[in-house]
Every structure is written in structure tokens, then in C-alpha cells.
Amino acid sequence: MKRNWLSVFAALLLLAFLAAPVSAWQGRMAGVGDAYGLIEDESDYLTHPAVIAMGKGFNAYGHYRLTYDKTSKWDYSVREPGTVYIYPYEAKGDEWKHEGQVGAAFQLGAGRLGIFFDYVGIKGRYDGSESYYEHEGDEADYLSFDLKNDLKSYALRFIYGVPIGAVKLGTEVQIAYRDEEKRVIRIIDGGASINPFTAANDYPQYNFFPYMIPFKSRYWEAQGKVSAAGQMGPAKYAVTLKGGVPFATDNNYVRTEYEFDGKVKGFNVGGDFWLRVPVSATVVLPFVVSAGYKKMKRNGSYEDEGAVYEHEAENIFAQLGGGVDVTPAKGTRLAAGIYYTYLQTKQNAYFDEYNYPDMPEYSEHRLTLKMLAEKELTPAFALRGGFSAFYGFVKSDYAYQDFSEEGEFNTSADGFVWGLNVSLGATVKLNAVVLEPFLNGGYAWYKTDGDGILVGPYVGGPYYIETEFKKNDWHVGGGLSVRF
């Protein structure tokens, strides 16, 4: 796999040396910390298709980005004060993410067409352990577990924009194939169990769903956008509405003993609005409003047992913010912005009598500060950098129920998440070549705690419980963009 990606990287370099120099592509945005909407960039038409109509001639593009994410702590614990019931989970691991893109844009009729092929690959591996005490005087029982998080996504995108008077109109049609898998393997005394879901049957020591709800899904997805861009007096605007649905789907929940087979259903909708208001010849005020909603429902059945399974996930995203974009001198740019983001996730799963209604129900209110600087040192060389910091207030609920045995676990936690990110980039022009290398890195820390109840025929109760969740990770990455 690594050889394949090195070959792709070398091919992009070769392509670059055959290229003609022009302006920036996605490497520029990666070099300033992905500050989309804060400054203008040619790659804006990947968000707002209408913007492609502002370009001219033929252009070809290449982009590759690699990110390594190291999770050194991913823990949660359940404790019953005044008793010896303790369920501490500890995990750590890493994730590799590959992003690649090739494409071209050219005149077609009265407008301009862009054709792109995108690839995203994620491979995450984590391992952990849990040592629990159930009865006074007993030694701790130990189990270990492995977590897997994989994604392969291939997308073909057609972007078309056309000027209609003073307004540019655009659309995007995308067909994508997704292959996703989340898996848990529990290991006790050398024996392995795949994707157990018996925590609700009064086994808190087997509750892996706060890490992930397993599934294996393969499906096609159709996505579409409609877009407009133009002037409102001296101000520039771009607005886009988007949506998509999966089709030709297949879903599995694989257990040690058997497998649930089913389908994937759902939809997603959203929109983006960007506005740039000039206040002088060197100062522009950029504003961003974005929102999105996504719902995915996976199901399955096992005929021999008459068992059924359902897994539903809902995600809400909303962002509002603005900043200032300053050009104090030719070849120099400074920009900064502050953004409020609201995130909400609801996940639940159902396996006959086992019900996991909140795994989790999560919400976050986040503030993010972004700053960047660019400097053209010579006509052939420019440097840039970006810095961002965020802080979020978090609330999350976790719950499960066993209807047949009247077992129940219910807890509510709140806390915070914060992080820092730094990016560096450059533009290098070597005669007929323009390259945009970039590097980035960051750190994040998450912590919540709260209380709830635990009751069941095996553990007894109801018991008052205290819960705590901790996760910290850091990431490093880099890549190269080419445009000609």
C-alpha cells in the first residue's frame, strides 16, 4: 500500500514538472489551516460550483494529503461509589488518512466544466483493556479488545458553471462509492468474540458501544448541488444548496455466531453562504454561514434465529462566523476570523430485546479562532502559515436497556474539548512548474464526567454511578498540490 502511494506521489511530481505556472490550488488552503471562506481561492468552486464560471481556459489539477492521527488515551470508566463495582476501559491506537484528487476544468459551451476523481482512505486500529471488580474480595477480571475503523470512498464529480448576466450559476453532480467498517473484537482467556452487543443484558463490562457501534456497509451515493455567485453592490456572495441519498446498498452486522444482512437508507441536506464585504482598498470582511443534516439508518436480520437489528445515526452541523482579510502591502496577506459551531450527534441501536437508545446523544457548542499570513518573497516563491484554536462545551448521554430482564444503564456527562492546529505551506515556481507543498499538525483533548444509574438482575441495584470519559490525540500530516 505504501509503495502504491509513493508511486502516486512521484507521478504527481512528474506531472508538475510538465506543467505551466498559474495560481493556487488546494495546497494553498491546506497551508493556511483550511481557512475556507476566510480568504478567496480558486478551489472555492469545490464548495460553490458557480465560482468555476469565473475561470478561463484549460486547467488540470492534482492533490494528495496524508494525515497520521495518534490517540494516546481513549478511556471511559463506570464507578459505583461505596461499592467495589468498577468498570474501567482504556484504549489507544492510531489512524492513517489518505486523500487524493485529480481533475481538470475547461470551457464547454457558454460555461465551464470541471471533472474530478476523489479518493479518501482511512485505516484506524486501536487496542484496549478493561479490568473490572464485581464482588468484594475478588481480584480484578481482565479482558482485552481491538477496535477497527476503516473507510474507502471513491467519487466522480462533474461541476458546471455558466454566467447569466452579472450572476454566475452552477451545479455539481457526484456519484460516489463508500465502503465503511467499524468492528470490535473482545478477547477473554484467549477466546475472541466479534462485535458483542450483550452489555444491555446486565453486563456493563462488555459495553463497547461508547467507542463505536459496529457495522460493515457498502453503498453508492448520489450527491447534487445548485449554486449562485455574484455581486450585491460592492460585496461578493456565493450561495449553495446540496443534498444526497444512498442507493444500491448492502449492510452487515457480523457476530461470532452469525451475521445480520440488511440495507442502508438515509439522506443528507445542507447549504453554504459566503459573503465578502470590502470596507477599503486593502480590507475585506468575510462572513460564513453553513448548515447540514445527515441521517443514516442501517438494518439487518438473521433468518435462522428470527433476529433483527437496527442502527440509526443523525448528525446536525451549523456554523456562523466572520473575520477580516487585510492586504497591507503587495504580496502580503493577513487574515483572522472567529466562528461559532454547533454539533449534534444521535446514535441508537436495537437488537431484539436489547436497546441502546443513546450511544451517544452528543451535543457541542464550539468557538474557533483562525489566523493566517501569506508573504510573496519573490515572484517564484511564497510562504504561508495558519494557526487555529478551538474550545467546546460538550454534553453527552449514554443509555441501554434490556426489556426482557429489566436491566438499565443511564448516565449523563458534560465537559469540554479543546485543541490547537498549526499549518505551514509554500508556493514554488520553477520555470514551467508550480508546486504547493504543505505541512500541518495539532493536538486535541476531550474530557467529560457525570452520573446516572445502573440496575439489573445480575448486578442488582439500582445503583448511583459516576462516569468519566477522556480522549487525547495529536496529528501530523502534509502533502502536495499541483495545478497547470
Side-chain angles (χ1 to χ4, degrees), residues 89 91 93 95 122-128 130 143-153 177-188 191-221 245-268 294-315 345-362 398-405 407 409:
Y89 293 76
E95 185 174 280
I122 296 175
K123 186 175 183 179
R125 297 293 183 270
Y126 307 87
D127 58 78
E130 195 259 350
L143 63 86
S144 62
F145 56 91
D146 294 324
L147 308 174
K148 174 182 178 180
N149 178 35
D150 283 2
L151 167 67
K152 293 179 182 178
S153 174
Y177 178 75
R178 323 281 191 200
D179 186 343
E180 305 173 282
E181 182 179 9
K182 296 182 184 292
R183 186 184 68 189
V184 177
I185 297 180
R186 181 189 70 203
I187 304 168
I188 305 175
S193 177
I194 301 175
N195 295 335
F197 57 74
T198 52
N201 193 21
D202 205 13
Y203 292 103
Q205 65 271 33
Y206 299 156
N207 184 19
F208 302 103
F209 281 8
Y211 286 107
M212 60 179 62
I213 298 179
F215 61 84
K216 187 175 183 179
S217 299
R218 295 166 297 278
Y219 56 94
W220 292 85
E221 190 171 44
V245 293
F247 65 95
T249 68
D250 179 60
N251 181 67
N252 308 102
Y253 188 104
V254 180
R255 289 199 64 200
T256 305
E257 303 87 353
Y258 51 85
E259 179 177 329
F260 294 90
D261 293 316
K263 300 294 183 181
V264 179
K265 300 179 181 179
F267 68 94
N268 65 82
K294 183 177 182 179
K295 183 174 183 178
M296 296 290 282
K297 186 174 182 179
R298 297 173 169 87
N299 60 39
S301 61
Y302 181 64
E303 294 181 0
D304 292 346
E305 298 290 334
V308 296
Y309 132 82
E310 291 182 355
H311 171 204
E312 188 172 276
E314 290 184 88
N315 293 277
T345 298
K346 295 182 180 181
Q347 282 202 87
N348 61 77
Y350 175 77
F351 304 85
D352 290 332
E353 71 270 23
Y354 305 130
N355 186 34
Y356 299 82
D358 297 324
M359 280 293 165
E361 182 174 338
Y362 174 96
Y398 298 84
Y400 62 67
Q401 298 169 312
D402 179 355
F403 297 124
S404 64
E405 299 289 349
F409 172 88

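Computed from heavy atoms alone, side chains included, the values below leave out hydrogens, waters and symmetry copies. As the structure is a prediction and not an experimental result, all values here were calculated from the model.
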Worked check of side chain to side chain contact (heavy atoms under 4.5 Å, CB included) between Y354 and N201:
CA-CA 7 Å; Y354 305 130; N201 193 21; 3.4 Å; yes
How far apart are the C-alpha atoms of E314 and K297, what are their side-chain angles, what is the distance that settles it, and do they pass the salt bridge (charged side-chain N to carboxylate O under 4.0 Å, His left out) test?
CA-CA 9 Å; E314 290 184 88; K297 186 174 182 179; over 6 Å; no
Passes side chain to side chain donor-acceptor pair (under 3.5 Å), N299 versus E310? Steps please.
CA-CA 4 Å; N299 60 39; E310 291 182 355; 6.0 Å; no
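Counting heavy atoms from C-beta outward, K346 and N348 have side chains that stay 4.5 Å or more apart. Residues R218 and Y177 are in side-chain contact: their nearest non-hydrogen atoms beyond the backbone lie under 4.5 Å apart. K295 has its side chain within reach of E312: a pair of non-hydrogen atoms, C-beta onward, lies under 4.5 Å apart. A 4.5 Å side-chain heavy-atom check between P196 and Y203 finds every atom pair outside the cut-off. The closest side-chain heavy-atom distance from F208 to F145 is below 4.5 Å. Counting only heavy atoms from C-beta outward, the side chains of P204 and Y400 approach each other to under 4.5 Å. Residues E353 and D402 meet the side-chain proximity criterion, which asks for heavy atoms closer than 4.5 Å.
Remark: side-chain polar atoms of N195 are paired, donor with acceptor, to backbone N or O of V254 under 3.5 angstrom. Although no hydrogens or angles enter the test, the distance criterion places no donor-acceptor pair under 3.5 Å between the side chain of Y219 and the main chain of K265. Of the possible donor and acceptor atoms, one in the side chain of Y356 sits under 3.5 Å from a partner among the backbone N and O of A199. A donor-acceptor distance shorter than 3.5 angstrom exists from the side chain of Y89 to the backbone of N207, with no hydrogens or angles considered.
D146 contributes atom CG, which lies 6.0 Å from atom CD1 of I185 (distance to the nearest 0.5 angstrom). Note that the CD atom of Q401 and the CG atom of D358 stand 9.0 Å from one another [nearest 0.5 Å]. Here N251 contributes atom CG and D261 contributes atom CG; the two are 8.5 Å apart, rounded to the nearest 0.5 Å. Once rounded to the nearest 0.5 Å, the distance linking OG of S144 with CZ of R186 reads 10.5 Å. Expressed to the nearest 0.5 Å, how far OH of Y362 lies from OH of Y398 amounts to 8.5 Å. Residue K263 holds its NZ atom at 10.0 Å from CG of N252, rounded to the nearest 0.5 Å.
Residues E221 and R178 are paired through a salt bridge, judged by an N-O separation under 4.0 Å between the basic side chain and the carboxylate. Residues K123 and D150 are not paired through a salt bridge, judged by the lack of any N-O separation under 4.0 Å between the basic side chain and the carboxylate. A salt bridge does not link E95 with K148: none of the charged nitrogens is closer than 4.0 Å to a carboxylate oxygen.
The cationic atom of R255 (NZ for Lys, CZ for Arg) does not lie both less than 6.0 Å from the six-membered ring centre of F260 and within 45° of the ring axis.
Between H311 and F215, the ring planes lie tilted relative to each other; the angle falls in the 30° to 60° range. Between Y253 and F351, the ring planes are perpendicular. Angles over 60° get that label, and only those under 30° would be called parallel.
Looking at every heavy atom in both residues, T249 comes nearest to V264 through OG1-N, 3.0 Å. Here the shortest heavy-atom pairing between G266 and P246 reads O-CD, 3.2 Å. Across all their heavy atoms, P357 and A399 have their closest contact at CD-O, 3.3 Å. Residues Y302 and E259 share a closest heavy-atom pair of CD1-O, 3.3 Å.
Residues R125 and N149 have side chains that never bring a donor and an acceptor to within less than 3.5 angstrom of each other.
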